[in-house]
Asker: 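Provided herewith is a single structure, encoded as structure tokens, for subsequent inquiry.
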Amino acid sequence: MKKISIVLMTASLVLLCACGNNQNKKKSETKTADIEEQYIKEDLKIKLDSLVSELGRLSTPVIVDIQNGELTLTDKEKRNKPSYLMPASKADEAITLTEKYRALSILSCDMAIANLYGMPVDDYKKAIAKLLVDINNPALNASTDGKSQDPLAPRIMKFYDESVKAGTLNLFWESIMAGTVEQLYIITQNIDKFIPCFDDKTASEISYRFILVHECVMSLVPYHPEMQNIHTILEPLEVINATNVAELRDQLLELKGAIATARGQLL
């Protein structure tokens, strides 16, 4: 009986030691994981800061040219109103913050095109104003007349910095992605009019913009798994690799259907 008690006691001690070691091991592993996660986040922020700084100088010329008054239409061209613009009422279907950020970018682009053609924009202004209230982001001081006095780069950096502070980097990239896709969609709808806005430099920068957006999105997926949806939307467009205007025109014509599909998946 004594021998049995001694054996049981010894077994219990072994189990207790093993459990203690496992707990210590788990604590150590958790601590290491926390340190690694913190390091990754700091490293990621440095990386994203650099990429967003680059992104700020990469504009898609069409909307910028409209806002700067460099792209105009003749009276004859204005009579052929575009039927491809997203209606302002679509904003009512945006329920989540992700959808609201996407809708804001899309409708801002489309309002600029509506302005270009001399179309009524009051509904766009109202929809955008409501989205801005719902989103409540101080960095999004978007003008409701489709114009902006500030250069693109500082506006993007302000939007990015506020998103970092608020912990909404995923929504920043939702907005950037939606605006990029919408502008490409607009270009494919009237490529003869809009492709002359590009020179070889800005045509090649379109490819670089996609590389930056994709790299940032994929870097954030471990922290925001829902961003995998952006990657799925962008994936068919990642073959854009134009180095000049002629290549960009050919690639956009080839991808016209894929771009329209991507645009349709945004909202």
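As the structure is a prediction and not an experimental result, all values here were calculated from the model.
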Asker: Asp110 and salt bridge (Lys or Arg N to Asp or Glu O under 4.0 Å): which partner among Lys125, Arg263, Lys90?
Answerer: Arg263
Asker: Under the 3.5 angstrom rule, does the side chain of Thr168 hit a backbone N or O of Val164 as a donor-acceptor pair?
Answerer: no
Asker: Before giving the answer on side chain to side chain contact (heavy atoms under 4.5 Å, CB included), spell out for Ile176 and Trp173 the whole-Å C-alpha distance, their side-chain angles and the decisive distance to 0.1 Å.
Answerer: CA-CA 5 Å; Ile176 293 295; Trp173 288 109; 4.1 Å; yes
Asker: Could you walk me through whether Asp192 and Arg249 pass the side chain to side chain contact (heavy atoms under 4.5 Å, CB included) test, one step at a time?
Answerer: CA-CA 9 Å; Asp192 289 334; Arg249 178 189 173 87; 3.0 Å; yes
Asker: Search all heavy atoms of Ile66 against all heavy atoms of Ala112 and return the closest pair with its distance.
Answerer: CG2-O, 3.7 Å
Asker: Mind checking what makes salt bridge (Lys or Arg N to Asp or Glu O under 4.0 Å) contact with Glu226, not counting sequence neighbours?
Answerer: none
Asker: A quick test of your reading: do over 12 heavy atoms of other residues, nucleotides or ligands sit less than 6.0 Å from NZ of Lys81?
Answerer: yes
Asker: Between Glu77 (side chain only) and Leu73 (backbone N and O only), is there a donor and an acceptor less than 3.5 Å apart?
Answerer: no
Asker: Quick check against the 3.5 Å criterion: does Asp65 have a side-chain atom that pairs as donor or acceptor with the backbone of Leu71?
Answerer: no
Asker: Is atom NZ of Lys193 surrounded by more than 12 heavy atoms (other residues, nucleotides or ligands) closer than 6.0 Å?
Answerer: yes
Asker: For a side chain to side chain contact (heavy atoms under 4.5 Å, CB included) check, start with the C-alpha distance between Leu169 and Tyr223, then their side-chain angles and the critical distance, and finish with the verdict.
Answerer: CA-CA 10 Å; Leu169 266 181; Tyr223 304 98; over 6 Å; no
Asker: Determine the interplanar angle of the Tyr84 and Tyr185 rings, folded into 0 to 90°, and report it as parallel if under 30°, tilted if 30 to 60°, perpendicular if over 60°.
Answerer: perpendicular
Asker: Would Asp92 and Ser89 count as a side chain to side chain donor-acceptor pair (under 3.5 Å) here? Give the steps.
Answerer: CA-CA 6 Å; Asp92 295 334; Ser89 59; 5.7 Å; no
Asker: Within the 4.5 Å heavy-atom criterion, are Asn244 and Glu247 side-chain neighbours or not?
Answerer: yes
Asker: About how many Å separate CG of Asn229 and CG of Asn170, when rounded to the nearest 0.5 Å?
Answerer: 12.0 Å
Asker: So do the side chains of Met119 and Pro82 get within less than 4.5 Å of each other, counting heavy atoms only?
Answerer: yes
Asker: In terms of side-chain heavy atoms, does Ser105 have a donor or acceptor partner in Ser175 at a distance below 3.5 Å?
Answerer: yes
Asker: Not counting sequence neighbours, list each pair that qualifies as a side chain to side chain donor-acceptor pair (under 3.5 Å) and has a residue in residues 250-259.
Answerer: Asn241-Gln251
Asker: Going from SG on Cys216 to CD1 on Ile230, what distance comes out if it is rounded to the nearest 0.5 angstrom?
Answerer: 10.5 Å
Asker: Is Asp199 reaching over with its side chain to a backbone N or O of Lys201, donor-acceptor style, under 3.5 angstrom?
Answerer: yes
Asker: Measure the CD-CD distance between Glu235 and Gln228 for me, rounded to the nearest 0.5 Å.
Answerer: 8.0 Å
Asker: Taking all atoms of both residues into account, what is the closest heavy-atom pair of His231 and Val217, and its distance?
Answerer: N-CG1, 4.2 Å
Asker: What I'd like to find out is whether the side chain of Leu171 reaches to under 4.5 Å of the side chain of Ile135, using heavy atoms alone.
Answerer: no
Asker: To the nearest 0.5 Å, what is the distance between OG1 (Thr243) and CD (Glu205)?
Answerer: 12.5 Å
Asker: Taking only residues two or more places apart in sequence, or in another chain, which ones meet Asp134 in a salt bridge (Lys or Arg N to Asp or Glu O under 4.0 Å)?
Answerer: Lys100, Lys130
Asker: For Ile186 and Cys109, run side chain to side chain contact (heavy atoms under 4.5 Å, CB included): C-alpha distance rounded to whole Å, both residues' side-chain angles, the deciding distance at 0.1 Å, then the answer.
Answerer: CA-CA 9 Å; Ile186 288 168; Cys109 292; 4.1 Å; yes
Asker: Does the Thr261 side chain pair with the main chain of Gly257, one donor and one acceptor, at a distance under 3.5 Å?
Answerer: yes
Asker: What's the spacing between Glu174 CD and Ser163 OG if we round to 0.5 Å?
Answerer: 11.5 Å
Asker: Could you pull out the closest heavy-atom pair between Val245 and Ile195, with the gap in Å?
Answerer: CG1-CG1, 3.9 Å
Asker: Indicate the atoms forming the closest heavy-atom contact of Gln265 with Arg102, along with that distance.
Answerer: O-NH1, 3.7 Å
Asker: Please give me the minimum heavy-atom distance between Phe194 and Ile187, naming the atom from each residue.
Answerer: CD1-CA, 3.9 Å
Asker: Any side-chain donor-acceptor pair under 3.5 Å between Asn137 and Tyr101?
Answerer: yes
Asker: Over all heavy atoms of both residues, which pair between Tyr117 and Asn80 is shortest? Give the atoms and the distance, please.
Answerer: CE2-O, 3.3 Å
Asker: Got a second to check how far Glu99's CD is from Leu131's CG, nearest 0.5 Å?
Answerer: 11.0 Å
Asker: Is there side-chain contact between Tyr124 and Asn115, with heavy atoms separated by less than 4.5 Å?
Answerer: no
Asker: So, Ser207 side chain and Ala242 main chain: donor-acceptor pair closer than 3.5 Å or not?
Answerer: yes
Asker: Would you call Ile113 and Ile63 a side-chain contact if the rule is heavy atoms closer than 4.5 Å?
Answerer: yes
